[in-house]
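To start, the structure under review is shown below, and the notes come after it.
Here is the naming used below: chain letters follow the sequence lines, and residue numbers restart at 1 for every chain. The analysis underlying the following values was restricted to heavy atoms, covering all of them including side chains, and did not include hydrogens, waters or symmetry mates.
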Amino acid sequence: MKIKRNTLLTTITFALLVVFLYWLSANRLQHGMLVSVLQKGVIFALVAVSMNLLNGFTGLFSLGQAGFMSIGAYTTAILIIPVKSLDGVYYMNGVHPGIRALKMMVAESPAFVQSVFPFIALLLGGLLAAGIAAIVGVAVLRLKSDYLAIATLGLSEIVRAIFSSPQFDRVTNGSYGLNKIPNFPEMAWGLIPSLLTPFIVVTLCIVFILLLINSSYGRAFKAIREDEIAAEAMGINLFKHKSMSFVVSSFFSAIAGGLLAMYMRSIEAKTFSITLTYDILLIVVIGGIGSVTGSILSAFLVTAAKEWWLRFFDQPLFIGDWQVPLFRTGFRMVIFSILLMVVVLVYRKGLMGSTEFSWDRLLGRFRRTRKSNGGAA
Amino acid sequence: MTTILQHCLTGISLGGAYALIAIGYTLVYGILRLINFAHGDIFMMAGYFMIFALASFPWPVAIIITLVVTTVMGIGIEKFAYKPLRNAPRMSIMISAIGVSYLLQNLSTYVFTAIPRGYPELPYLKRIFRIGELSASFVTLLTPILTIVLVVILMILVNKTKTGMAMRAVSKDFETAKLMGINIDRIVSVTFAIGSLLAGIGSILYFTDRMSVTPFSGTLPGLKCFVAAVFGGIGNIPGAVVGGFFIGIVETLLIALGYSTFSDAFTFLLLIIMLLVKPTGLFGEKNVEKV
């Protein structure tokens with residue numbers, strides 16, 4: 001009975017969300033800010049969850065997320081920029097003939113292939129990142145804690161240097177970056193509007209990660225996090241599981257990177273600097289290291305606060321004639337960094353700690369408050 | 001031949017500044033086993049302090065003010081962000097270090113804006129010297145010499161004084177040192193003070209050649225200097241100096257050859273290769289990780 005109630009509540013919530021998104025899609029012009037915050041939030045939710053899989057569940061402190069995102073973003077962007085915009089994008093150095101030929105082939109393919117091609121592009125980006133992660137992992141995953149962090153950070157910088165180097169001008173457009181990237185595609189022949197696409201893709205990805213975490217592999221990951229030596233003694237193949245976690249995390253980071261490219265419409269290597277990784281780390285830490293729902297929740301909260309609710313910190317504010325001091329460009333980010341420090345130093349568990357969201361707990365909390373109110377009366 | 005020598009000279013000068021910053025990493029890592037991600041940003045802040053100090057004071061006073069403020073900031077950061085987490089898991093301290101770095105960057109973007117600020121020119125340091133066909137400013141010649149002198153002083157401090165002995169003891173075994181009556185907090189503060197002081201000196205030498213400071217100009221040099229410290233063997237002061245010079249020279253030569261975008265990537269490649277081939281670095285001691 002109890003399980004049924006929880007399933008019911010989850011289903012209703014999801015149904016309401018879908019209805020809400022359809023409504024939003026119909027009225028997207030009036031709610032531009034809400035749409036862009038939700039879309040960016042959902043993309044960051046995926047990166048945060050994939051970072052959490054590595055940092056929170058497997059205990060591998062990696063700072064290479066931005067690098068893998070850039071692999072996904074560049075692959076997707078290069079593949080889906082329409083043929084007719086090619087010359088405009090690569091106006092400085094021209095485009096590599098191979099890319100043009102590939103695009104001509106896609107443009108002449110049947111309509112069905114064209115409609116699913118953006119998703120194939122996302123998948124290819126993910127697979128490329130996963131492949132690179134698998135190769136690099138052999139070397140990097142032998143390192144422990146802080147060495148691993150700095151090596152993955154370095155890796156992400158190497159990727160960025162390659163993308164912005166003049167030697168690859170005709171593929172990645174060097175330091176000029178790529179633009180004219182098409183927005184999110186529609187799904188199911190227009191039945192699902194383009195606004196919903198990132199939500200569906202991300203939901204599918206996160207469900208996969210959740211299934212992985214709850215499988216025997218996930219339990220092995222947690223065992224490695226708790227105690228590597230004990231885990232190995234219990235017969236867990238350390239390298240295999242670490243490498244698996246690294247590859248899966250990189251794959252989904254790259255998918256999120258591809259979605260980010262579609263969301264931003266133009267990317268350059270600078271977008272994927274160390275700061276991006278720090279931003280994602282901020283989301284993971286605030287949400288709680290080792291909690292998927294915490295990461296998702298905090299991705300939306302942090303994105304909304306950063307892009308929308310706390311914007312007023314950056315504008316001069318007047319109360320009557322008195323100008324409130326400190327309010328000017330950049331103050332918002334200072335507040336954010338202080339918030340991060342407070343979470344790290346005082347409230348170390350973040351929003352959710354390492355537990356997951358559950359209806360029982362939420363309802364239990366309501367019941368408890370009601371009871372205590374009743375007692376007081 | 002002249003051009004190669006000229007580039008080497010620039011490289012040695014850059015390497016000297018790197019070496020000074022790398023010492024800060026190596027000392028802190030040796031004692032707390034923490035990559036002080038904020039060290040590069042301390043270095044950047046020192047650049048801003050110098051700009052403002054020089055706006056209202058003559059240069060010798062300005063240099064002293066910059067160094068004092070930087071040192072105090074380094075100690076302050078340790079007290080505020082790392083001390084409360086002394087017994088926390090290593091990941092928390094590292095996140096805290098990243099948080100401090102994030103805070104310093106955002107704070108300086110807010111206070112000084114993101115527009116690059118011109119670094120004041122000390123006419124004294126910028127005077128051009130000619131040796132045969134090579135030409136170099138005074139700062140280029142001063143940097144390596146000053147670096148060597150400072151390292152020698154530091155080595156004497158670490159090897160001959162009581163504080164130095166305590167530092168070595170703490171880096172060998174934190175707990176036992178504590179039991180032997182060493183005031184850990186004081187030693188950690190001293191370590192951070194030395195590291196920040198050297199970062200301040202390095203910052204003056206580095207930025208005099210670079211002309212401008214931005215809130216993000218500390219990140220990459222910071223990471224490179226950490227690589228330098230790892231390359232030389234973390235916890236080892238002469239190693240950090242050798243690493244700093246090596247990275248400085250190679251980077252300058254790569255830029256001279258036209259691979260400037262790869263000069264950063266090279267540093268990290270060096271790190272990964274080094275960690276795989278000889279994780280203890282060039283001069284690092286063999287350290288058995290205890291279970």
Side-chain angles (χ1 to χ4, degrees), chain A residues 55-56 59 61 63 136 139-140 142-168 174-175 229 269 273-275 277-279 281-282 284-285 289 326 328-338 340-346 348, chain B residues 29 33-35 37 80-85 88-114 215-216 219-220 223-224 226-227 230 234 258-276 279 289 291:
Chain A
N55 293 14
F61 194 76
L63 293 174
V136 175
V140 172
R142 278 164 49 187
L143 306 169
K144 296 245 164 80
S145 65
D146 27 17
Y147 283 114
L148 177 69
I150 202 100
T152 43
L153 192 68
L155 194 67
S156 127
E157 280 297 302
I158 293 173
V159 169
R160 198 162 71 92
I162 292 173
F163 279 140
S164 60
S165 69
Q167 281 80 359
F168 288 93
S175 51
I229 293 158
S273 63
I274 302 166
T275 325
T277 307
Y278 287 178
D279 284 337
L281 186 68
L282 171 97
V284 174
V285 170
I289 296 172
L326 296 176
R328 61 187 162 86
T329 315
F331 192 51
R332 181 172 50 105
M333 289 314 292
V334 176
I335 298 279
F336 254 98
S337 348
I338 294 173
L340 175 69
M341 287 313 294
V342 169
V343 171
V344 170
L345 292 175
V346 187
R348 220 176 297 164
Chain B
Y29 194 92
R33 298 275 174 268
L34 157 77
I35 301 175
F37 278 99
F80 155 76
Y82 304 144
K83 203 177 154 206
L85 297 174
R90 236 157 130 189
M91 202 196 263
S92 305
I93 310 179
M94 200 147 52
I95 292 172
S96 181
I98 292 175
V100 173
S101 154
Y102 199 72
L103 176 65
L104 286 179
Q105 279 175 17
N106 287 326
L107 198 66
S108 54
T109 311
Y110 171 62
V111 179
F112 311 122
T113 72
F216 303 101
T219 320
L220 265 182
L223 289 173
K224 278 181 198 164
F226 177 75
V227 176
V230 173
I234 201 121
Y259 292 100
S260 50
T261 34
F262 287 114
S263 70
D264 301 338
F266 157 76
T267 317
F268 294 110
L269 201 63
L270 181 74
L271 171 83
I272 294 174
I273 293 171
M274 198 66 199
L275 285 176
L276 294 174
E289 192 88 7
V291 181

remark   = Interface check, chain A: of B:Thr219, B:Leu271, B:Ile273, most non-hydrogen pairs under 4.5 Å belong to B:Leu271

request  = Examine whether an atom of A:Leu281 lies under 4.5 Å from a heavy atom of chain B, and if so say whether it belongs to the side chain, the backbone or both; otherwise answer neither.
outcome  = side chain

Residues that B:Tyr82 engages under ring pair (Phe, Tyr, Trp, His ring centres under 6.0 Å), provided they are two or more places apart = B:Phe192

query = Can you check whether B:Tyr102 reaches A:Met333 side chain to side chain, under 4.5 Å on heavy atoms?
reply = yes

query = From A:Leu153 CG over to B:Phe226 CZ, what is the distance, rounded to the nearest 0.5 angstrom?
reply = 10.5 Å

ask   = Quick one: what part of A:Ile162 sits under 4.5 Å from any heavy atom of chain B, side chain, backbone, both or neither?
value = both

key: Rounded distance [0.5 Å steps], CD1 in B:Ile95 versus CG in A:Asn55   = 7.5 Å

remark   = Most heavy-atom pairs under 4.5 Å with chain B, out of A:Ile274, A:Leu63, A:Leu345, belong to A:Leu345

task = Against chain A, label B:Val230 side chain, backbone, both or neither, depending on which of its atoms sit under 4.5 Å from a heavy atom there.
result = side chain

key: Side chains of A:Ile158 and B:Leu269 in contact at under 4.5 Å (non-hydrogen atoms)   = yes

task = Would you check if B:Phe80 and A:Met341 make a side-chain contact, meaning some heavy-atom pair closer than 4.5 Å?
result = yes

query = So what's closer than 4.5 Å to chain B heavy atoms on A:Val285: side chain, backbone, both or neither?
reply = side chain

message = List the residues meeting side chain to side chain contact (heavy atoms under 4.5 Å, CB included) with A:Ala139, not counting sequence neighbours, and say none if there are none.
response = B:Leu276

task = Tell me, out of A:Ile150, A:Val140, A:Val344, A:Leu143, who's got the most heavy-atom pairs with chain B below 4.5 Å.
result = A:Ile150

key: Separation of B:Gln105 CD from A:Tyr278 OH (nearest 0.5 Å)   = 7.0 Å

query = Is it the side chain or the backbone of B:Ala114 that comes within 4.5 Å of chain A heavy atoms, both, or neither?
reply = neither

ask   = Taking every heavy-atom pair that is under 4.5 Å apart, which of B:Thr109, B:Thr267, B:Leu85 has the most such pairs with chain A?
value = B:Leu85

message = Check the orientation of B:Tyr29 and A:Tyr147. Use parallel for under 30°, tilted for 30 to 60°, and perpendicular for over 60°.
response = tilted

request  = Among the options A:Asp279, A:Val346, A:Val159, pick out the one with the most heavy-atom pairs lying under 4.5 Å from chain B.
outcome  = A:Asp279

key: Part of A:Ile338 within contact of chain B (heavy atom distance under 4.5 Å)   = both

